[in-house]
Amino acid sequence: MPVSATPPAPKHFLQFSDFSREEFDHLIARTRWIKDRFKRYELYQPLRDRTLAMVFEKASTRTRVSFEAGMNQLGGIAINLNRGDTQLSRGEPIEDVARVISRMVDVVMIRTFEQSIIERFAMHSRVPVINGLTNEYHPCQILADVYTYVEHRGSIRGKTVAWIGDANNMCYTWLQAAAVLGFKVHVSSPAAYAVDPGRAGATAPGHWAAFADPAAACRGADLVTTDVWTSMGFESENDARKRDFANWMVDAPMMALAKPDALFMHCLPVHRGEEVAADVIDGPQSVVWDEAENRLHAQKALLEYLVCGHVSP
Ligand code: CP
Ligand code: NVA
């Protein structure tokens, strides 16, 4: 391509609603295929000579390992950039960082604070950008969670997910997923931390309902899920949150109100004895280790889709 030519606009995964139901059907089918091959130790390397740049402005275990291992398994390489090691920490504008990095690599993953930061990056990127978590959304995690549900129970369409706790990045991404994939979310949060209907209404009309009582939100649910009371970036509120969320711990009596075959999920890391009782997260309904492993397989399908397009088996 001549140096002056403007490349076509790339496809990004900045929030769950960036993709259609058909695209998620494709990703779920590809995740299953890629996972099966991986379990049989069969090489699958469509991303040979391709490079992923990962920019982390917040801590990570699962996202870092799953993207780096996944990119290597697909035949490519991953470059890890922590904010403090880059010129971002010395004030280089995110737009300039995007222009530069995206001329050197094939795909970028960013974990940062406000969604507006990743949107500004994407606007100036020549290559696909993946949201590895922002204050507002965590779409890669919900992609893996939906896959995990499908793997254990079949289609999530028409099912009920109970979200217990903070109306945080995970919660709002579940609301988007409900609207795209056709299921319902029962949300129960302390009043001061509740879903903002203005923000959710635009993404999930008719796909969620608020419950003051967490037990009521769990009644009849197919999946019960929660997350830490204090997300990264909100640490100064930790003491107040511990008091305010004390009645929002998912425990065995709450799980007993859900359907008998209900699953329990948590994106991890977890604080046992805060947002979930140890006997629930370590109990028979919990699929949290499959959920964590599936970050690897689902993101490999996502990388394949963004870099290679719609690949058929
Ligand atoms: N669930 C999740 O994103 O974990 P990490 O913060 O460890 O990446
Ligand atoms: N809501 C949590 C998720 C961590 C994976 C956070 O943003 O810290």
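Both ligands and their constituent atoms are indexed starting at 1 by order of listing. Just so we're clear, the structure is a prediction, and the values are computed from it rather than from any experiment.
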Original post:
If you look only at pairs with a residue in residues 245-261, which of them pass as a side chain to side chain donor-acceptor pair (under 3.5 Å), with sequence neighbours excluded?
Top reply: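 Passing the test, one end in residues 245-261: Ser188-Trp248, Asp222-Lys259.
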Subject >> From Gln141, Glu68, Arg295, Lys58, residue fulfilling side chain to side chain donor-acceptor pair (under 3.5 Å) relative to Thr63 >> reply: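 Looking at Gln141, Glu68, Arg295, Lys58, the match for Thr63 under the side chain to side chain donor-acceptor pair (under 3.5 Å) is Arg295.
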Aromatic contact, [X] with [Y] (centres under 6.0 Å):
| X | Y | result |
| --- | --- | --- |
| Tyr147 | His297 | no |
| Phe16 | Tyr137 | no |
| Phe13 | Tyr305 | no |

Subject >> Distance-only side-chain donor-acceptor flag, Glu275 / Thr226, under 3.5 Å >> reply: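 No, because no side-chain N or O of Glu275 sits under 3.5 Å from a partner of the opposite role on Thr226.
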Expected rows: ligand 2 N/O, protein N/O, dist below 3.5 Å:
unit_1: ligand 2; atom_1: 1 (N); unit_2: Asn168; atom_2: ND2; d: 3.4
unit_1: ligand 2; atom_1: 1 (N); unit_2: Asn169; atom_2: OD1; d: 2.9
unit_1: ligand 2; atom_1: 1 (N); unit_2: Asp227; atom_2: OD2; d: 2.6
unit_1: ligand 2; atom_1: 1 (N); unit_2: Ser231; atom_2: OG; d: 2.7
unit_1: ligand 2; atom_1: 7 (O); unit_2: Asn169; atom_2: ND2; d: 2.8
unit_1: ligand 2; atom_1: 8 (O); unit_2: Met232; atom_2: N; d: 2.8

Subject >> Set of side-chain contact (heavy atoms from CB on, under 4.5 Å) partners for Ser116, sequence neighbours left out >> reply: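 Here the qualifying residues are Glu114.
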Original post:
Using the ring of each side chain (for Trp, its six-membered ring), is Tyr44 parallel, tilted or perpendicular to Trp33, with breaks at 30° and 60°?
Top reply: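 Because their plane-to-plane angle is over 60°, the rings of Tyr44 and Trp33 count as perpendicular.
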Original post:
Mind checking whether Asn80 and Phe67 have side chains closer than 4.5 Å, heavy atoms only?
Top reply: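 Heavy-atom side-chain distance check fails, nothing below 4.5 Å.
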Original post:
Around ligand 1, what residues show up once you keep those with a heavy atom under 4.0 Å from it?
Top reply: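 Shell around ligand 1 (4.0 Å, heavy atoms): Ser60, Thr61, Arg62, Thr63, Arg111, His138, Gln141, Cys267, Leu268, Arg295.
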